[in-house]
Amino acid sequence: MAPELLYGGDYNPEQFSREVWVEDVRLMKVARVNTVTVGVFSWSSLEPSEGVFTFGWLDDVLDLLHENGIGVILATPTASPPPWFSLAHPEALPITADGVRLLHGSRDTYNPAAEAYRHAARRIATELGRRYGTHPSLRMWHVHNEYGTVSFGPVVDAEFRLWLERKYGSLSALNEVWNTTFWSQRYGEWAEIFAPQATQYLGNPAQLLDFRRFAAELLLAAFNEQSEILKSLSTGIPVTTNFMLPSWLHYDQWAFAAAEDMVSIDDYPSEPGVEGHAQAAFSGDLARSLAGNRPWLLMEQATNLVYRRDAMLVRSTQEMVRSSLQYIARGSLGALFFQWRAPRTGAELFHSSMVPHSGEDTDQFRGTVHLGALLAELSELAPGSRQAEPVAENRVAILWYPEAWWAAEARGLPRADLNYLSLVRQVHRALWLAGVGVDFVHPDHELSGYDVLLLPLAIPLSTAQAEAFEDYVGAGGVLVAWYFSGTTDDNFSVAPGGYGGQLARVLGIRVQMVHPVDNALELSDGSTATRWSEHLDLRGAEAVGHYRGGALDGQPAVTRHQFGGGVAHYLSTHLDDDALRRNLVSILDQAGIQGLAGDGLEVIERRVGDGHFTIVLNHTDAPGVVTVRGDDLITGQSYAGPTEIAAGAYLIVRT
Ligand code: GLA
């Protein structure tokens, strides 16, 4: 069969009668749905009491879908253990950092460290693997849903101690690294150590960082054991688990991605208009990077109403279509949604869906049909057997790693609101608005393929990582580091030689002191900034911008250091959006990198095997002009130069 883009969503037939299933399949065919994700929250329907399995309904659903040419991504339902499980195994309920045991009543009520939970999860995964591992509808295994549960309490404490013993070998090593003499925390027995729960005042940040690592590894171990079971019971079926992007910090996305056959994400941009598309671009770039620049899958997005803080965000069909194209242009195998049919009731009863409560004769369902018809015409963008080939060729990368995020969340920092995610997003957004394609990269990965590396708020860096940056710049790379980066080693110990000590050599500076500020700051080039400033000494670097006014009047604020064959820049303050963009564009310009279009007129170059495609998306409400050469994938029209793209429109061109 020729490859096609995947189109469909989470399908929960267990909530509906069999008459509705028949109607579902009819509507799926109308909408050209070819893939549905089944079973994500079906545990109590599949195992209504311990060890008693009721697979009959799922047999029928899978057969029905298969007869109608619809492929299945089959989930293990382990994100929501049934009530009987929680009643029988209270020790497997999660406990918050404040010591509150959460009871059944929602989802994700499990403690990933509890053996009873892990055992029950393995058992249901095994049963599913045995029964459906060779079912002809099966396209992919979807383990769990959005790993992210962190628990505390005795079961976790015991596991954490074992993890610490493995890491440190001896209590004296742990005491040394955590500097437990501070506030008399010196440990004489492993049993004295607890996971960092609610305590009197500030906790130990090194302990916190280790706990985050431990908790992330625990989730990965839970994934791995299910993945191994499913692989042993099927042949050639890829295993995935869906990451909630971008705001979930409980796991190490890179480590998960390395363990998966297919990276998949759920993404729910929360801002209207161009800002929402900047958010989708962020998640799509992150997913492609996590996937090693290979195809990945958008497992969930919302149709026309997106859950968020106070009021749901309404998005138009045009916006839904352009977001879907943003992900596909970045390597997604297709566009899947949460969810196919709106539930009658239940926790998320007003969540949007491909088939809304008001049924078939609605603009929403017409939008579902429209997108399905469009994707069916874009099958050249489906990688098919070419999934091993790279998707993009970006020269710029942003450093993204969990320790940086975890460190910035610690208490006791010079500012409580050092927000890693928001700074990384600010940097990505500035580049996206400037039309520059970017990847994300982990500090332990190969860096030499990039011309420019951006390090926002990379507080903890190991000595090996710092040396890798020196090698990178020495060999001709351009590095841009943000304030407070490199201030500690990877165990949260302040590096010698002043703040930023791990990067001091490559940056050619020394940070004497940090100056968090409440007022706005001005720099000599007219840039405005907020929140943060630093008293820098130049140790080889030159100042390219100074603070104007205030405590640091006349002191260097932005520096540049020629180091070996490359250049290392430092931004010691939190630049406002415009100033950040100006600075980055100028640095990229010096490196010979220019953006394509920008300001919401998005141009993405996509490779699929030997094919090259240009995808132009106009997210703005004004027409835009882009130079394109090639043939329109839908109309066949040829373009050979400046081409107007109407407000809200798109072009997909084979170049
Ligand atoms: C997540 C979950 C879904 C659903 C949606 C709501 O992505 O995986 O089950 O709760 O959020 O937006």
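In listed order, ligands and their atoms are each counted from 1.
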Could you pull out all donor-acceptor pairs under 3.5 Å where a side-chain atom in residues 297-306 meets a protein atom, sequence neighbours excluded?
| from | atom 1 | to | atom 2 | distance (Å) |
| --- | --- | --- | --- | --- |
| E300 | OE1 | Y268 | OH | 2.6 |
| E300 | OE2 | N242 | ND2 | 3.4 |
| Q301 | OE1 | R315 | NH2 | 2.9 |
| Q301 | NE2 | S324 | OG | 3.0 |
| T303 | OG1 | S352 | OG | 3.3 |
| T303 | OG1 | S353 | N | 3.4 |
| T303 | OG1 | S353 | O | 3.1 |
| N304 | ND2 | R315 | O | 3.2 |

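W296 contributes no side-chain N or O that, together with a main-chain N or O of I265, makes up a donor-acceptor pair within less than 3.5 Å.
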Quiz item: What do the steps show when you test R308 against E271 for salt bridge (charged side-chain N to carboxylate O under 4.0 Å, His left out), and what is the final call?
Solution: CA-CA 9 Å; R308 53 172 197 168; E271 296 296 327; 5.0 Å; no
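In terms of the side-chain contact (heavy atoms from CB on, under 4.5 Å) criterion, residue partners of Q197 (sequence neighbours excluded) are, by chain and number, F152, D157, F194, A195. Under the rule for a side chain to side chain donor-acceptor pair (under 3.5 Å), the partners of Y132 that lie at least two apart in sequence or sit in another chain are D59.
Sorted by chain and number, the heavy-atom contacts of ligand 1 below 4.0 Å come from F41, R107, N145, E146, D266, Y268, E300, F338, E348, H351.
For F440 and F282, the distance between ring centers is under 6.0 angstrom.
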